[in-house]
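Naming: A, B, ... by sequence-line order, numbering from 1 per chain. These figures come from a predicted structure and were not determined experimentally.
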Amino acid sequence: MIDIKKLRDNFEETAKALARRGVGPEKPAAARDLDARRRALLGETENLKAKRNAASKQIGIVAKQGGDIAAAKEEMRKVGDRIAEIDRELATVEHDLRETLLMIPNLPAPEIPDGLDSSGNKVVRTVGEWKDPSYRIMDHIEVGEKLGIFDFPRGVKLTGTGFPVILGQGAKLQRALIQYMLDVHCRTQGYTEMLPPFVVNSDSMTGTGQLPKFAEDLYHCQIDDFWLIPTAEVPVTNFYRDDILQAKDLPVKLTAYTPCFRREAGSAGKMTRGMLRVHQFDKVEMVNFVHPDTSFDQLETLVGEAEAILKGLGLCYRVLMLCAGDMGFSAAKCYDLELWAPAEKQWLEVSSCSCFTDYQARRLNCRFKDTDGKTKLVHTLNGSGVALPRLMVAMLEQHQLEDGSIEIPEVLRPYMNGQERLTSDGQA
RNA sequence: GGAAGGUUGGCGGAGUGGUUGAACGCGGCGGUCUUGAAAACCGUUGACUCGAAAGGGUCCGGGGGUUCGAAUCCCUCACCUUCCGCCA
């Protein structure tokens, strides 16, 4: 949620910033009006409550002395009725205000480019030069079949489309990648590893904003009212929901490997080939809780931390700064990392690194006690470090040799018993 | 799944329907003392919200009710603990 005080005090400025994201002036105006109504009602009911509290105290004293309290009780009963009436209206107004605020996205950082869709995104840098080799590169499905590392039809048999089975050397490679990524984050970047629940309750889904708006993208266990996580961001960020951290403990940096479950409602037909868009996939995620003064600097650090993974694997990728209209709802600033897939001839998004400023923290009610003794909202950031299926795809293509085998990057070999290649006979 | 008990401030733990935002202890912070530290002693120490301020309001698991007034009574939901059953 955005700060209602900011909206109230700098209405024009706020509305202008929101307009960059394609939000019309109606929503902020509605929020402003509801806020004004709310404060008027609040003042009214609180005055009456102060009156009642004082009178009730007096009634108690008089009653003890055996005095007559019937008239005072009758009067206060009427006051009580009036309070109930106002409180009912107040509850409605507050509910509407919250609903309205939840529909307003975060304010974009000033420096991010204009634009309402992906065409407005800016390439910040491209790292690693890709040169097409003399031989034809097989796409991941073709080479995967030769190597025997994917079984899509049996995934369909077990569950349905979008639930691939990864086999043999492929499974081993994936496990190696997970361990490599976690080790880089923990050993060299100051992260604490977490293994959270993969299923969460509705409060957690609401805390990070998946609910109520995106329920149809989630898998739901109705009997228990539990939800399968679409990203580790949900359990890891909610870890500090309703908590107050200490300034000296910031930044808190957590990383977690989890599977991710996404219904991808409405995406049927888009990029559905092979591993490119699936309902269940693995991902390593990084989440930061930081001091507000440092959040945008931390975002640059976070991007670097995700990039370190790709660099270590010797992959060609690019960094995009998303434009105002293409960012996720809660982000103030966001970078995407995209790997080049030479057989697909397209860039594949494997990481999205976002700074949410206080937007997510307000909803989570996650605060910290600053050195001045005041309790303030933290700033949160997260980024993938990184998503596995598309990483696998890019590796299978970028590291593919002429004979169709795949060169395993040096950094992964310790996790694969020294194996140097994926080959069709399964031998190194 | 069955039975019983519980849910109070950072933690432990009191609490009579009426100056109880909440005793007491621990912890935290500030101070006295000390060469320094410890101990001892003194003081202080929750969050949210409305307000320019003065000041007000709300919060004792969540929601609802009774009452002039609820941490305290009633209903309901959630969670936790223990015992029994089942089980990786």
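A salt bridge is absent between A:Arg88 and A:Glu85: the closest approach of a Lys/Arg side-chain nitrogen to an acidic carboxylate oxygen does not fall below 4.0 angstrom.
With sequence neighbours excluded, no residue satisfies ring-ring contact (aromatic ring centres under 6.0 Å, His included) with A:His399. Looking at residues two or more places apart in sequence or on another chain, you find a side chain to side chain contact (heavy atoms under 4.5 Å, CB included) between A:Ser384 and A:Lys283, A:Glu285, A:Ser351.
Within residues 356-363 of chain A, no residue has any heavy atom under 4.0 Å from RNA chain B. Heavy-atom distances under 4.0 Å link RNA chain B to A:Lys73, A:Met76, A:Arg77 of residues 72-81 of chain A, given in residue order.
Using a 3.5 Å distance cut-off with no hydrogens or angles, the side chains of A:Thr357 and A:Asn106 do pair a donor with an acceptor. Neither side chain, A:His185 nor A:Thr255, offers a donor N or O lying under 3.5 Å from an acceptor on the other. With 3.5 Å as the limit, one finds no donor-acceptor pair spanning the side chains of A:Tyr335 and A:Asn121.
Across the strands present, B:rA71 finds no partner; the criterion is a Watson-Crick or G-U wobble pair with both atom distances under 3.5 angstrom.
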Nucleotides 59-65 of chain B: which of its N/O atoms have a protein N/O under 3.5 Å away?
none

Sequence-aligned protein contact record of nucleotides 45-54 of chain B, with B where the base is within under 4.0 Å of a protein heavy atom and S where only the sugar-phosphate is:
--SSSSS---
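Between A:Asn53 and B:rG57 there is a side-chain N or O to OP1 or OP2 distance below 4.0 Å.
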